[in-house]
Amino acid sequence: MAWGKEMHRIIFYDQTDSTNLRLRELADTLESGTVAIAGSQTAGRGRMGRHWLSRKGEGAWFSILLKDTRIDSDNVGGLVFVCALAGAETIRALSGADVRIKWPNDPVVDGKKICGILCESEFEGNTLKYSICGIGINLNGTEFPPELPWATSVRMSTGVTLGTEDVISGFLDRFDHYSETLCSGCISQITDRVRTISATLGQKVRAQNEMTEFVGTAVDLTDDGALIVEADGTRHILRSGEISVRGIMGYA
Ligand code: BT5
């Protein structure tokens with residue numbers, strides 16, 4: 001079936017634990033570009049083992065397997081920006097929502113998270129064996145549990161009802177385009193676009209990990225997507241995965 005500009009083999013699960021896990025289990029035998037889609041996930045995963053709420057009928061929950069790509073191992077971290085951009089632009093195009101990207105890779109509307117991205121890569125020595133990009137887009141949910149005050153859906157933020165197939169198809173078109181850009185080594189073209197819809201740049205943010213915590217102003221992205229934060233006259237270059245960054249007034 002052709003979803004997106006490239007051919008993507010699609011595997012549907014009415015319900016599964018996690019589409020990332022399903023593709024990982026089958027990675028050796030499936031062809032590159034295979035997409036696993038779930039009606040609902042019983043163990044949807046976020047980064048660092050966090051849970052991702054993926055209820056039936058409420059969103060597009062899917063993962064894409066990439067094998068034998070020409071992505072340089074140094075650039076594989078750029079896949080999260082490819083997905084964030086594809087997610088933000090798809091939701092924006094189909095619903096009209098003013099979707100922005102909270103650094104590093106959360107599409108948000110009015111400061112609330114509408115989409116989550118989990119990219120996982122497997123290496124053999126220094127060689128990239130495969131990557132799995134998992135995307136969760138909140139579409140038609142009308143409320144979230146109290147422990148997710150910073151979550152929203154397309155329906156909640158715009159009143160628009162979108163179908164999963166249109167959303168995934170629109171996503172794959174953009175994903176194919178931007179991942180090709182990444183393969184050509186042009187990650188800066190992706191970060192240029194992320195800059196224009198960033199929810200983080202220009203904001204006062206709090207950066208935090210086990211070693212440090214400081215408040216500063218997010219001033220720019222480096223060409224490869226690190227965040228530059230100015231605090232007390234010092235420029236800090238923050239790399240995704242090493243530190244968490246939040247707005248000082250809320251999530252974004
Ligand atoms: C993410 O992690 O945002 C990555 C989410 C990726 C989900 C997709 S769905 C298809 C594929 N299969 C999987 O198993 N996963 C991928 P992170 O940045 O760590 O954010 C996780 C945090 O977001 C949680 O700790 C909650 O606070 C919040 N959260 C959980 N479910 C949410 C939802 N549906 N909408 C918004 N926020 C949510």
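First listed ligand is number 1; within each ligand, the first listed atom is number 1. For the single chain, residues carry numbers from 1 onward in sequence order. Quantities reported herein were computed from a predicted structural model and do not represent experimental measurements.
Per-residue contacts place S63 under 4.0 angstrom from the following atoms of ligand 1 (heavy atoms of the residue considered): 11 (C). Of all atoms in ligand 1, numbered sequentially from 1 with element shown, those under 4.0 Å from a heavy atom of R45 are 5 (C), 6 (C), 7 (C), 13 (C), 14 (O), 15 (N), 16 (C). Remark: ligand 1 atoms within the under-4.0 Å shell around heavy atoms of A151 are 35 (N), 36 (C), 37 (N).
Applying the side chain to side chain donor-acceptor pair (under 3.5 Å) rule to D224 yields the partners T222, R239; only residues at least two apart in sequence or on another chain are considered.
Of the protein's non-hydrogen atoms, N138 ND2, 2.8 Å is the one closest to atom 35 (N) of ligand 1. Among all non-hydrogen protein atoms, the one lying nearest atom 31 (N) of ligand 1 is L53 N, 2.9 Å. Nearest to atom 3 (O) of ligand 1 among the protein's heavy atoms is K113 NZ, 2.7 Å. Atom 21 (C) of ligand 1 has R50 NE, 3.9 Å as its closest protein atom, hydrogens excluded (heavy atom only).
Remark: K102 is positioned above the aromatic ring of Y251, its terminal NZ or CZ atom under 6.0 angstrom from the ring centre and at most 45 degrees off the axis.
Only the side chain of L148 comes within contact range of ligand 1, with a heavy atom under 4.0 Å; no backbone atom does. For M48, no heavy-atom contact with ligand 1 is shorter than 4.0 Å.
Side chains of N20 and E120: a donor on one and an acceptor on the other come within 3.5 Å. A side-chain donor from one of T19 and Q41 sits under 3.5 Å from a side-chain acceptor of the other.
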